[in-house]
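Structure first, then comments.
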Amino acid sequence: MSRPAATATARPAPPAGAVVLAAIFVASLATAQLTAAKVLAFELPVALPLTGAELALPGAALAYALTFLASDCYTELYGRRAAQVLVNAAFAMNFLVLALVWSTILAPAADPEFAGTFAEVLGASTNIVAGSLLAYVVSQNYDVIVFDAIKRRTDGRYLWLRNIASTGTSQLLDTVLFVGIAFWAMPTAFGIGPQLPTAAVVSLMIGQYLLKLLIALLDTPLVYLITGAVRRSDPGVA
């Protein structure tokens, strides 16, 4: 007598909200890694202290700011532990991105002239890589910890407060670390990367932080919309 075939145990699919937020986080992080070297400059209608009438910031500022939106939503919905797994797994993915980019740069090219341009554009310099990696792992973990701590202290109330407070302070930490390491410490101490005047370094810090702070203020309604939509679609989410 034949034995009945074993019935496979169906595994529940991962929450769609978690997958989408993780995808946004990793995509934004990879984009930031590839665009960090370009310095943007915007003319302002009025002069600001230290920066003057021109606001300078790294090209990755917008993409990187989106990672904080995604991580705050993830922390709110799935908790501190899950968010830290996401943040630190994505940190490891930074090295995968770098490895894939450099494997392409070092591979034989059909068009040497284009290969030189490709390497110049995508081959992030050591100072940018060092600054972005250290700033990322410190500020993102800090953001998750502070967001969760405020949520606990306020019994889950005041989502706007923990979003603005955690993102605003972690973005300041990120900005000082990234710009300070990439555009001041590495060029000054090791001669790696362009050595910018102190005023230009300060201007970069201010420009990047002002944009990130503005995004932190403006994205609060998005945090409410995203977390609300995920909770409605998945009642099991806290």
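Quick note: numbers below take in every heavy atom, side chains included, and nothing from hydrogens, waters or symmetry partners. Counting from 1, the numbers follow the sequence of the chain as shown. Keep in mind the model is a prediction, meaning the values are calculated, not measured.
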Pairs satisfying side-chain hydrogen bond (donor to acceptor under 3.5 Å, both in side chains), at least one member in residues 187-196, at least two apart: none
Stepwise side chain to side chain contact (heavy atoms under 4.5 Å, CB included) check, V223 with L69: CA-CA 7 Å; V223 173; L69 168 64; 3.4 Å; yes
Distance-minimising heavy-atom pair for [X] and [Y]:
| X | Y | value |
| --- | --- | --- |
| V97 | A30 | CG2-CB, 4.3 Å |
| S28 | A63 | CB-O, 3.3 Å |
| M205 | V176 | CE-O, 3.8 Å |
| A182 | N127 | O-ND2, 2.7 Å |
| V26 | A90 | CG2-CB, 4.4 Å |
| S103 | L100 | OG-O, 2.8 Å |

Starting from [Y], can I reach [X] by hopping between I/L/V/M/F/W/Y residues whose side chains sit under 4.5 Å apart?
| X | Y | result |
| --- | --- | --- |
| V144 | V146 | yes |
| V137 | L98 | yes |
| F95 | V129 | yes |
| M93 | Y74 | no |
| L134 | L173 | yes |

With sequence neighbours excluded, residues passing salt bridge (charged side-chain N to carboxylate O under 4.0 Å, His left out) with D72: none
Distance-only side-chain donor-acceptor flag, S139 / Q171, under 3.5 Å: no
Polar contact flag, side-chain donor to acceptor under 3.5 angstrom, S170-Q140: no
Presence of salt bridge, D148 and R162, under 4.0 angstrom: no
First locate atom [atom1] of [X], then atom [atom2] of [Y], and finally report the distance between them rounded to the nearest 0.5 Å.
| X | Y | atom1 | atom2 | value |
| --- | --- | --- | --- | --- |
| D143 | T167 | CG | OG1 | 4.5 Å |
| L133 | I128 | CG | CD1 | 11.0 Å |
| L214 | L218 | CG | CG | 4.5 Å |
| C73 | L21 | SG | CG | 5.5 Å |
| L77 | R231 | CG | CZ | 5.5 Å |

Do [X] and [Y] come close enough that some side-chain heavy atom pair is under 4.5 Å?
| X | Y | answer |
| --- | --- | --- |
| K151 | T75 | no |
| L204 | F178 | no |
| V179 | V202 | no |
| I145 | Q84 | yes |

Set of side chain to side chain contact (heavy atoms under 4.5 Å, CB included) partners for [X], sequence neighbours left out:
| X | answer |
| --- | --- |
| L213 | Y209 |
| A200 | L196, P197 |
| L225 | L222 |
| V85 | R81 |

Residue pairs involving residues 137-177 (criterion ring pair (Phe, Tyr, Trp, His ring centres under 6.0 Å); sequence neighbours excluded): none
Partners meeting side-chain hydrogen bond (donor to acceptor under 3.5 Å, both in side chains) with T104 (sequence neighbours left out): none
Residues forming a side-chain hydrogen bond (donor to acceptor under 3.5 Å, both in side chains) with Y224, sequence neighbours excluded: none
Under the ring-ring contact (aromatic ring centres under 6.0 Å, His included) test, residues paired with F190 that sit two or more places apart: none
Set of residues satisfying ring-ring contact (aromatic ring centres under 6.0 Å, His included) with respect to F68, sequence neighbours excluded: Y64
Member of D219, L217, L159 meeting the side chain to side chain contact (heavy atoms under 4.5 Å, CB included) criterion with I164: L217
Parallel, tilted or perpendicular, as decided by the 30° and 60° cut-offs, for the rings of F91 and Y136: parallel
Residue pairs involving residues 163-172 (criterion salt bridge (charged side-chain N to carboxylate O under 4.0 Å, His left out); sequence neighbours excluded): none
Main-chain N/O of T154 paired with R157 side-chain donor or acceptor, under 3.5 Å: yes
Audit row: K212, D174, side chain to side chain contact (heavy atoms under 4.5 Å, CB included) steps and yes/no: CA-CA 10 Å; K212 289 178 177 179; D174 171 75; 2.3 Å; yes
